[in-house]
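Because only heavy atoms are used, hydrogens play no part in the values below, and waters and symmetry mates are left out as well, while side chains stay in.
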Amino acid sequence: MKILTSTYNTKYNTAPFSQIKLEDYKPAFIENIATAKAEIEAIINNPEAPTFENTIVALDFSGEQLNRLSSIFFNLNSAETCDDMQKIAQEVSPILTEFSNDISLNKELFQRIKAVHDQKDNLILNTEQTTLLDKKFKGFSRNGALLNEEDKLKLREIDTELAQLKLTYGENVLAETNNYHLHITIEADLKGLPDGAKEMAFFLAKSKNLEGWVFTLDFPSYLPFVTYVDNRELRKEMTIAAGKKAFQNNEFDNKENVKRIVELRHKRAILLGYQSHSHFVLEERMAQNPEKVQSFLNDLLEKAKPAAQKEFIQLTAFAKELDGIDQIEKWDGSYYSEKLKQKLFCLDDELLKPYFQLEKVLNGAFTIAEKLFGITFKEVFDIDKYHEEVQTFEVLDEANNLVAVFYSDFFPRKGKRNGAWMTSYKSQAVKNGVNERPHVSIVCNFTPPTTTKPSLLTFNEVTTLFHEFGHALHGMLANTTYPSLSGTSVYWDFVELPSQVMENWCYEPEALALFAKHYETGEIIPQEYVEKIKESASFLEGIATLRQLSFGILDMTYHGKSQTIEDVKAFEKKAMEGTSIYPDVAENCMSTSFSHIFQGGYSSGYYSYKWAEVLDADAFAYFQEKGIFSKEVASKFKENVLSKGGTELPMVLYKKFRGQEPNANALLKRAGLV
Ligand SMILES: [Zn+2]
């Protein structure tokens, strides 16, 4: 079987998609896990004393076969799946979890790692090696490896309870989302709503055997409703329904779950020797500690608040003029924002799309990468692919050496999940003295071509392409020794810098001239459209910023220190006092359905959305200073950021690139807040 090994006898050792049969996967997983286990055993049973090479490096390169198999399988399970494949995923996921638990709880392995780590100061290691050693050690110690048996048991108990609480929290939010719908029977009540949304609501009603139209709290249904429906009472009903999820004193209420999750996270952090949950989380972030995050959020708040207040007054005046409303409420925000936006910009997608033909946009991204980093993209037809729509490219440097293999997969189809993402089939690393180049892929769901028109992108799709392409560059230009530090394997408040910074080129006339050409006439996009795109991108940005900051501050208030929470709503209201701009709604509570931080992995991490924006704006400001195609800035970016992966602390890498720490000025300027 082809996928039992990690070398495939294909061009560049690319994944042998066409030769894999579904039934190959499960036995291959079982056998590759056995191989990986044997590699770990060999490290443990090495009769020689633990060294950096025989323990840390050996561990980092172990499981290569399994990693390649997993990347092929799980990438395809996202991009080209079917029922049978999902069934296999269900079967192998627990086996993989068990295997990774076996490693992370392996005492003998940890003893060897600790033995190397204990001599750290006496070893001659370069920066990357030191980072690798710390990373491996922390991977165990943050999981309790240094605790005595009693405390280990406590930690497991906390983890088990936390896992259950997060699950329940999520189930409650889901149940409350599903338990509500708004049933409309009078068509006049839907005045203002676009046809597409109305049609969707009609079919939803039909599926429930109801007359008329049905709206739910799912985003694709909810958002158009509160943005476009003229009937203010109905918008109010819908907004309040969304805001009181899991806050209704019924069986799905999350108030007690919030309290318990916060309490257990704090206990867990203390047990592991940290001051708070935020201290624990931020140790492995660019921001490093809660104080830094707090001051980051407060600093932005201070600067964005006056702009937000001005916008609020503008919006209020507009609502007053239009409908005689004196006090705008939460259910008016999206509605009047959209109306005002249309009045000021009248920009619609159909007007712009002819200028954004997919092939031209993609070539534009390639040209920009060539101008900046000296790499070229050559489409090739002799690399195996998993679907006929996939394109394959050789990425070459100036000396014609292979930099990477690049796959693109752009259109929606059955079997592909929603959204857009970058991933890789093979990571970069130096193995036995050979710099093995990565195989990187971007997968999107763009507007497909029709029989009469090529694929024409919305502007949002254009920035999405550049965003994923930026992640891809991070993967493709990787140049590290160890696989676990390569490419996008960086702290997660740093990982969006390469992607978001690339989006900036989409707003620059000099860059747009390369690719924003009318698909029929070849005419370059008119300057007035470019201006409007820019202005509308920062429209009401103050209010939006305040909203993001309010979530970040709430998150940090819960997790930054020990908290005794009597009343969740009161606690939340106090935490968000300084960031609120709309009047409070008594029957609503954010915390009971804030799944990002209480169910998902964003606790003490919500700030990173804004953090990443500050970084990308600050980095791009450097390009603007020296010219957006400046080779000098680009090569600094490549040398210190793109190629370095997670080999050094992000702040150190960033300062080497930029010459100074990032500051928020560029973002505030770009967002029109100063
Ligand atoms: Zn991203």
Side-chain angles (χ1 to χ4, degrees), residues 352 355-379 391 393-398 403-408 410 420 422 438 440-442 444 446 455-478 487-488 496-519 522 524-525 527 529-530 533-534 537 615-643 657-658 666 670:
L352 298 176
Y355 295 96
F356 297 120
Q357 185 184 343
L358 173 63
E359 292 77 10
K360 291 197 169 86
V361 177
L362 182 64
N363 276 319
F366 289 165
T367 308
I368 290 168
E370 183 178 356
K371 281 172 176 283
L372 294 173
F373 309 117
I375 51 173
T376 48
F377 290 75
K378 187 178 139 206
E379 185 166 11
Q391 287 176 279
F393 300 86
E394 283 173 0
V395 186
L396 305 168
D397 67 12
E398 277 143 339
V403 172
V405 173
F406 177 67
Y407 300 84
S408 65
F410 287 125
M422 165 268 182
V440 167
S441 169
I442 61 174
C444 308
F446 290 156
S455 165
L456 300 175
L457 305 182
T458 64
F459 186 71
N460 191 24
E461 289 174 327
V462 174
T463 54
T464 300
L465 194 156
F466 272 71
H467 181 102
E468 299 310 330
F469 187 66
H471 282 308
L473 287 171
H474 202 184
M476 293 188 287
L477 294 172
T488 55
E496 296 298 331
L497 167 62
S499 52
Q500 289 184 188
V501 81
M502 284 310 294
E503 293 180 36
N504 288 284
W505 274 266
C506 301
Y507 299 86
E508 295 295 319
E510 217 184 327
L512 286 164
L514 297 170
F515 65 84
K517 295 177 189 166
H518 196 283
Y519 77 105
I524 293 177
I525 190 167
Q527 186 57 27
Y529 290 0
V530 180
I533 291 171
K534 271 190 175 176
L615 286 185
D616 94 69
D618 187 67
F620 190 66
Y622 194 23
F623 277 100
Q624 283 174 313
E625 241 169 68
K626 307 260 177 181
I628 62 161
F629 295 118
S630 160
K631 282 254 188 227
E632 181 202 339
V633 182
S635 70
K636 277 191 190 169
F637 193 59
K638 180 178 155 187
E639 285 318 310
N640 298 302
V641 177
L642 295 176
S643 69
F657 152 63
R658 187 67 167 97
R670 185 176 75 187

If I compare all heavy atoms of [X] with all of [Y], which pair ends up nearest, and what's the gap?
{"X": "A617", "Y": "A666", "result": "O-CB, 3.4 Å"}
{"X": "L457", "Y": "S455", "result": "CD2-OG, 3.7 Å"}
{"X": "A478", "Y": "G487", "result": "CB-N, 3.6 Å"}
{"X": "I368", "Y": "A511", "result": "CD1-CB, 4.0 Å"}

What distance do [X] atom [atom1] and [Y] atom [atom2] have between them, rounded to the nearest 0.5 Å?
{"X": "L615", "Y": "Q500", "atom1": "CG", "atom2": "CD", "result": "8.5 Å"}
{"X": "I442", "Y": "Y407", "atom1": "CD1", "atom2": "OH", "result": "14.0 Å"}
{"X": "I375", "Y": "E370", "atom1": "CD1", "atom2": "CD", "result": "9.0 Å"}
{"X": "S408", "Y": "F366", "atom1": "OG", "atom2": "CZ", "result": "6.5 Å"}

Does the side chain of [X] reach to within under 4.5 Å of the side chain of [Y], using non-hydrogen atoms?
{"X": "L372", "Y": "F637", "result": "no"}
{"X": "V403", "Y": "L477", "result": "yes"}
{"X": "F515", "Y": "L362", "result": "no"}
{"X": "M476", "Y": "F373", "result": "no"}

Is the backbone of I628 close enough, under 3.5 Å, to the side chain of W505 for a donor and an acceptor to pair up by distance?
-> yes
Mind telling me whether F406 and F393 have parallel, tilted or perpendicular rings, with 30° and 60° as the class edges?
-> tilted
Side chains of residues 463-473: which donor-acceptor partners sit under 3.5 Å, not counting sequence neighbours?
residue, atom, partner, partner atom, Å
T463, OG1, N460, O, 2.9
T464, OG1, N460, O, 2.8
H467, ND1, E503, OE2, 2.6
H467, NE2, H471, NE2, 3.2
H467, NE2, E496, OE1, 3.0
H467, NE2, S499, OG, 3.4
E468, OE1, M422, N, 3.2
H471, NE2, E496, OE1, 3.1
H471, NE2, S499, OG, 3.2

Under the salt bridge (Lys or Arg N to Asp or Glu O under 4.0 Å) test, which residues partner E461, sequence neighbours left out?
-> none
Sorted by chain and residue number, the salt bridge (Lys or Arg N to Asp or Glu O under 4.0 Å) partners of K371 (sequence neighbours excluded) come out as none
Not counting sequence neighbours, which residues clear side-chain hydrogen bond (donor to acceptor under 3.5 Å, both in side chains) with Q391? List them please.
-> E379
Residues passing the side-chain hydrogen bond (donor to acceptor under 3.5 Å, both in side chains) test with E510, sequence neighbours excluded, are none
Which donor-acceptor pairs under 3.5 Å do the side chains of residues 618-626 make with protein atoms, sequence neighbours left out?
residue, atom, partner, partner atom, Å
D618, OD2, Y654, OH, 2.6
D618, OD2, R658, NE, 3.2
Y622, OH, K636, NZ, 2.6
Q624, NE2, E508, OE2, 3.4

Going through the distances and angles, do R670 and D616 end up as a side chain to side chain contact (heavy atoms under 4.5 Å, CB included)?
-> CA-CA 11 Å; R670 185 176 75 187; D616 94 69; 2.7 Å; yes
According to the side chain to side chain donor-acceptor pair (under 3.5 Å) rule, which pairs have a member within residues 355-366, sequence neighbours left out?
-> Y355-E523, Q357-E359, Q357-K360
Show the numbers, then the answer: is there a side chain to side chain contact (heavy atoms under 4.5 Å, CB included) between Y507 and L512?
-> CA-CA 7 Å; Y507 299 86; L512 286 164; 5.9 Å; no
Is there a side chain to side chain contact (heavy atoms under 4.5 Å, CB included) between V462 and L352 once you walk through the steps?
-> CA-CA 11 Å; V462 174; L352 298 176; over 6 Å; no
Under the side chain to side chain contact (heavy atoms under 4.5 Å, CB included) test, which residues partner Q527, sequence neighbours left out?
-> P509, V530, E531
